[in-house]
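Inspection log for the structure reproduced underneath, given as structure tokens.
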Number of protein chains: 2
Amino acid sequence: MTGTRPPAREGERAAAPARDRRTRPTYDPSSLVEVAARVFNERGYDATSMEDLSAAAGITKSSFYHHVRGKEALLRAALERALDGLFGILDEPAASTGSPLTRLRHIVRRQVEVLVAELPHVTLLLRLRGNTETERWALARRREFDAAIARLVRDASAAGELRDGLDPAVDARLLSGLVNSLVEWYRPGRIPADALVAEVDRMAFEGLLAPAPASRRRPF
Amino acid sequence: MTGTRPPAREGERAAAPARDRRTRPTYDPSSLVEVAARVFNERGYDATSMEDLSAAAGITKSSFYHHVRGKEALLRAALERALDGLFGILDEPAASTGSPLTRLRHIVRRQVEVLVAELPHVTLLLRLRGNTETERWALARRREFDAAIARLVRDASAAGELRDGLDPAVDARLLSGLVNSLVEWYRPGRIPADALVAEVDRMAFEGLLAPAPASRRRPF
DNA sequence: CGGACAGGCGAACGATCGTTCGGTCGGGCG
DNA sequence: CGCCCGACCGAACGATCGTTCGCCTGTCCG
């Protein structure tokens, strides 16, 4: 990284737990994973140095290694959290009961909720390039999840529950792409999660268009 | 990059123009930008070394510098190509004539076509993190483009051409996200571009659902 | 009171990064 | 023919990377 760093938002270092002499900060591993995931997303994994991470945690680089195995271990922990959240959806009863469309719609809505709840970790998962063994492992698991959704789209299409499409496989990709694109702009607090779920569901299954293109909604 | 490199697809180096002593390879700048964009997308910009790039071009690292100013200059050239393609859409006559919905729909369809035509360059644009001045410049231009689309969605919504939605701004984000997600999976040759355009348009504006939720499409 | 120990630090390690430099080679032109 | 110049290369530069090491300090427990 020869490039100039971004403005380095104010108080980034102070974001760590209050460094009071009295109370041991006692960095628990999961909170460091959270910090790491946030910085990874800001700069990108490869462009993030251990110096960046330790500074965000409020300690020096060498101190940071007392709590953490290494850079890749942090990445793996964050990715596991994201994948556990996503695969947890498939284990819910509503994911395997009812018509394919009912199940698909439930999974999509829950996927949005998990994305919002685990935003930094899922964001990390969706930006992997597969440069290390850890990344390739996570990408493989993610492909499994996408395949489950693609299977459901195919079944719903075969059951006539979806609009006649050119290719259910393409529809599945578009559906996953639509949901996953949330991580590029959604930030917690701006929009309630349930409103976001409703909006995504509506766009995916009903589209943006007003119902009656020629005549008005309530004719006469 | 401590991580092990991905399998390094066969014949990556041989992808360069035939290194015949007789005919000077005469690397023109634009073809090197193309090669660089491809490798940047495979490994990620920060994880890509100049060694990677020069090897993909079929020459050594030091030779590579005879044709190229540096790593960031390659990035900028690729991003300019992507941005020129996208902003070119807004200059087309059909982008500013007709109802907001008509214009929006034309732009979306053209955006898919540009994405397909300039896939590596647009992919690069959509993955920027803003670590260097060049990246921040490109991100700012990209935000301009997205804002133009958001404006059109708002106008179409105000004109009653879109389904009553909760928030046109959210719809605009979802629409852009749906279109941009193409770069994550689409590869040329698998699906004709016009079929892809039709599928994206249909999903965005009409949704996945079969027209009549309760009764069948052709009753009786 | 003292020893153990976890938390934190500065300095340094080998590796790799982007970039530069000096030099070789060979075909085209005067 | 002889010169020139663009293409190309090996070697090395300083910087930064992830990681390790030795040491200091304060706290808690016996």
Side-chain angles (χ1 to χ4, degrees), chain A residues 1-6 8 13-14 16-29 31-32 35-36 39-40 43-78 131-135, chain B residues 1-6 8 13 16-29 31-32 35-36 39-40 43-78 129 131-135:
Chain A
M1 277 291 304
T2 322
T4 51
R5 275 297 162 79
R13 176 179 264 265
R19 300 275 293 102
D20 190 358
R21 277 284 185 282
R22 205 88 25 200
T23 87
R24 288 292 187 85
T26 200
Y27 298 96
D28 63 302
S31 81
L32 288 183
V35 168
V39 182
F40 282 156
R43 307 229 201 281
Y45 175 73
D46 289 292
T48 301
S49 69
M50 292 301 279
E51 185 79 45
D52 292 332
L53 295 181
S54 61
I59 54 183
T60 62
K61 189 167 58 157
S62 52
S63 301
F64 196 67
Y65 271 92
H66 276 270
H67 305 88
V68 153
R69 195 120 40 129
K71 193 181 180 183
E72 197 167 350
L74 278 170
L75 177 64
R76 172 174 276 265
N131 288 330
T132 68
E133 200 53 58
T134 296
E135 297 184 40
Chain B
M1 275 291 306
T2 322
T4 51
R5 274 297 162 79
R13 175 181 267 266
R19 299 275 294 99
D20 190 357
R21 279 283 186 281
R22 204 86 27 199
T23 88
R24 288 292 185 86
T26 199
Y27 299 97
D28 64 302
S31 82
L32 288 182
V35 169
V39 182
F40 282 155
R43 305 226 198 285
Y45 175 73
D46 289 292
T48 300
S49 69
M50 292 301 279
E51 184 80 46
D52 292 331
L53 294 181
S54 61
I59 53 183
T60 62
K61 190 165 58 154
S62 51
S63 301
F64 196 67
Y65 271 92
H66 275 269
H67 304 90
V68 153
R69 193 115 42 112
K71 193 181 180 184
E72 198 167 349
L74 279 170
L75 177 64
R76 171 175 276 265
R129 298 317 304 156
N131 289 330
T132 66
E133 199 54 55
T134 296
E135 298 184 40

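Remember, predicted model here, so these are calculated numbers, not experimental data. Proteins come first, then strands; the chains are lettered A, B, ... in the order of their sequence lines, and each starts at number 1.
A straight line from CG of B:D52 to P of C:dC17 spans 7 Å, rounded to a whole angstrom. Between the P atom of C:dG10 and the CD1 atom of A:I59 lies a distance of 12 Å, rounded to the nearest Å. One interatomic measurement links the two molecules: CZ of B:R69 to C1' of C:dG18, which rounds to 15 Å at whole-angstrom precision. To the nearest angstrom, P of C:dT19 lies 9 Å from CG of B:L74. Per the geometry, CG belonging to B:N131 stands 15 Å off C1' belonging to D:dT16, to the nearest Å. When the C1' atom of C:dC17 is taken as reference, atom CE of B:M50 falls 11 Å away, rounded to whole Å. Following rounding to the nearest Å, B:L53 (CG) and C:dT19 (P) show an atom-to-atom distance of 10 Å. One atom, CD of A:E51, and another, P of D:dT19, lie 14 Å apart when rounded to the nearest Å.
For A:A78, the side chain to side chain contact (heavy atoms under 4.5 Å, CB included) criterion is met by A:V33, A:A37, A:H121, A:L124, not counting sequence neighbours. With sequence neighbours left out, the salt bridge (Lys or Arg N to Asp or Glu O under 4.0 Å) criterion links B:R76 to B:E80.
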Enumerate all atom pairs, one protein N or O and one N or O from nucleotides 10-14 of chain D, separated by less than 3.5 Å.
| residue | atom | partner | partner atom | Å |
| --- | --- | --- | --- | --- |
| D:dG10 | N7 | B:S62 | OG | 3.2 |
| D:dG10 | O6 | B:S62 | OG | 2.7 |

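Put simply, OG1 on A:T60 and NE2 on A:H66 are 8.5 Å apart, with the number rounded to the nearest 0.5 Å. Residue A:Y45 holds its OH atom at 6.0 Å from OG1 of A:T132, rounded to the nearest 0.5 Å.
Using a 4.5 Å heavy-atom cutoff, the side chains of B:K61 and B:E51 are in contact.
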Query raised in the report: After noting the C-alpha distance and the side-chain angles of B:V35 and B:L53, does the key distance pass the side-chain contact (heavy atoms from CB on, under 4.5 Å) rule?
Result: CA-CA 7 Å; B:V35 169; B:L53 294 181; 5.8 Å; no
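Remark: A:H66 is not in phosphate contact with C:dC9, judged by side-chain N or O atoms under 4.0 Å from OP1 or OP2.
Considering only side-chain atoms of B:K71, the nucleotide from D:dG18, D:dC9, C:dG18 that sits closest is C:dG18.
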